[in-house]
2 protein chains.
Amino acid sequence: MAVDRDHVLRSAAALLTRKSTATMDEVAKASGISRATLHRQFAGRDALIRALEALGIAECEAALDAARPDEGPAGDAVRRLVAGIEPHAPLLAFLYTENQLFEGEEQNAGWARIDERVTALFRRGQSSGEFRIDLTPAWLTEALYGLLASAAWAVAEGRVAPKDFTHMITELLLGGARRPDSPAPSGRGKSS
Amino acid sequence: MAVDRDHVLRSAAALLTRKSTATMDEVAKASGISRATLHRQFAGRDALIRALEALGIAECEAALDAARPDEGPAGDAVRRLVAGIEPHAPLLAFLYTENQLFEGEEQNAGWARIDERVTALFRRGQSSGEFRIDLTPAWLTEALYGLLASAAWAVAEGRVAPKDFTHMITELLLGGARRPDSPAPSGRGKSS
DNA sequence: CTCGGATGAGACGCCAACGTCTCATGCGCT
DNA sequence: AGCGCATGAGACGTTGGCGTCTCATCCGAG
């Protein structure tokens, strides 16, 4: 077992992120090993995806731990979280869409745990009065995933600069597109 | 040609939205026709996807036209746009991920047109001072797509209520999660 | 040096899905 | 009734990718 399993996993993640339909052969080549060895490491394509999923979950939980979601203003915790996830965003974007087509099968319980922790963070922000309460924590969580995936793709295709990643996501998620001191906040109302 | 091509297309959209890997046979059954007839309508799976893409593009452009993106406050135009797209969100979510794995091939020019129009809307909002300028129009456009897809899936899986669709997207996109009169706008400070 | 274990190269069979084709059925129209 | 034509059912060959297996090679340890 001289083969570095972790290295294989990361190469696979990098490739599948770019081409989600990559062949086992391509994955093997991308890791610099033969298909036979790849099969010795992972029983099959499913096993490989599962391993990638486990990796993504582990990285998410690590980022969650590092972000200290229970400390300080919730908004700052969200910023820390997004910043911590940034390096793993491409893999997560891949897993995000991969999950869409699992349809029937139940998904890894790890995601539920992560969902719960992220949702709790948003809930905390609402309780403290920092976040608005008309957007449910479940939706904010979902939106965070969507924005992470969108940003990862946008960066991958060069539509936005990598260095803006965290800023774009957190600012949009927390503050929205509307200018704080906008002259015409909404239209509808009269205020102003 | 008694077969209603449009009906087939919509059935296929509904099915593929739920199960993006559905077989040609499944698509046919879902439309209530045989695989042979399906093949008579669409040369192959590719042709079917292309047709769905064309349908999605047409619906987007129709929604864009109906939203009158050049009239009134940009924020309101965004709301009209999202409201108009809502019925087609599942199909667009499908096409959105489908596009991620086209990798090499150039995508339908229609998307570029739509991108341009949406981007222009955000740009207008920035020019008028309604939107903040530190988030690029390109990113806002990308984020809108991501939120539409996320919302479509969240609704499909029952994580959020269908009736909140437009509100959730527009409010998050425009106003963000932070409470307008939040006690601790950003964090840094401590204020209570 | 010799042995054991891991690896690379590649052959092989399998299977799912595709695309094509044929043929019989059934419906509508004249 | 007779005809035309679209359809449904299904057989058939092809293809791409997977998973398994064999065998030669290589490298490190003893």
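Letters go in sequence order (proteins before strands), and every chain restarts at 1. Everything quoted here is computed from the prediction, not taken from an experiment.
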Under 3.5 Å, which protein N or O atoms sit close to an N or O of nucleotides 19-26 of chain C? Give each pair with its distance.
unit_1  : atom_1 : unit_2   : atom_2 : d
dG19(C) : OP2    : Arg45(B) : N      : 3.2
dG19(C) : N7     : Arg35(B) : NH1    : 3.0
dG19(C) : O6     : Arg35(B) : NH2    : 3.0

Find every protein N or O atom lying less than 3.5 Å from an N or O atom of nucleotides 13-16 of chain C, and list the pairs.
none

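Listed by first and then second residue, the ring-ring contact (aromatic ring centres under 6.0 Å, His included) pairs involving residues 4-44 of chain B amount to none (not counting sequence neighbours). Screening residues 147-166 of chain A for ring-ring contact (aromatic ring centres under 6.0 Å, His included) gives Trp153(A)-Tyr96(B) as the qualifying pairs, with residues at least two apart or on separate chains.
Taking 4.0 angstrom as the limit, Thr37(B) places a side-chain polar atom (N or O) nearer than this to OP1 or OP2 of dG8(D).
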>> Would Val118(B) and Arg113(B) count as a side chain to side chain contact (heavy atoms under 4.5 Å, CB included) here? Give the steps.
In response: CA-CA 9 Å; Val118(B) 175; Arg113(B) 268 204 311 278; over 6 Å; no

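With sequence neighbours left out, the side-chain contact (heavy atoms from CB on, under 4.5 Å) criterion links Ala63(B) to Leu81(B), Ile85(B). Take Glu116(B) and apply the side-chain contact (heavy atoms from CB on, under 4.5 Å) test, not counting sequence neighbours, and it matches Ala120(B), Arg123(B).
One can place CZ of Phe42(A) at 15 Å from P of dT20(D), the figure rounded to the nearest angstrom. The distance from atom CG of Asp4(B) to atom P of dT7(D) is 11 Å, rounded to the nearest whole Å. Rounded to whole Å, atom P of dT20(D) lies 15 Å from atom CD of Gln41(A). Atom CG of Leu48(B) is separated from atom P of dA17(C) by 16 Å (rounded to the nearest Å). Look at CD on Glu26(A): it is 12 Å from C1' on dG16(D), rounded to the nearest Å. Whole-Å rounding puts the Leu38(B) CG to dG10(D) C1' distance at 16 Å.
Although no hydrogens or angles enter the test, the distance criterion places a donor-acceptor pair under 3.5 Å between the side chain of Glu26(B) and the main chain of Thr23(B). Side chain of Glu142(A) to main chain of Ser150(B): no donor-acceptor pair is present (N/O by atom type, distance under 3.5 Å, no hydrogens or angles).
Trp139(A) pairs with exactly one of Leu172(B), Val155(B), Asp164(B) by the side chain to side chain contact (heavy atoms under 4.5 Å, CB included) rule, that one being Leu172(B).
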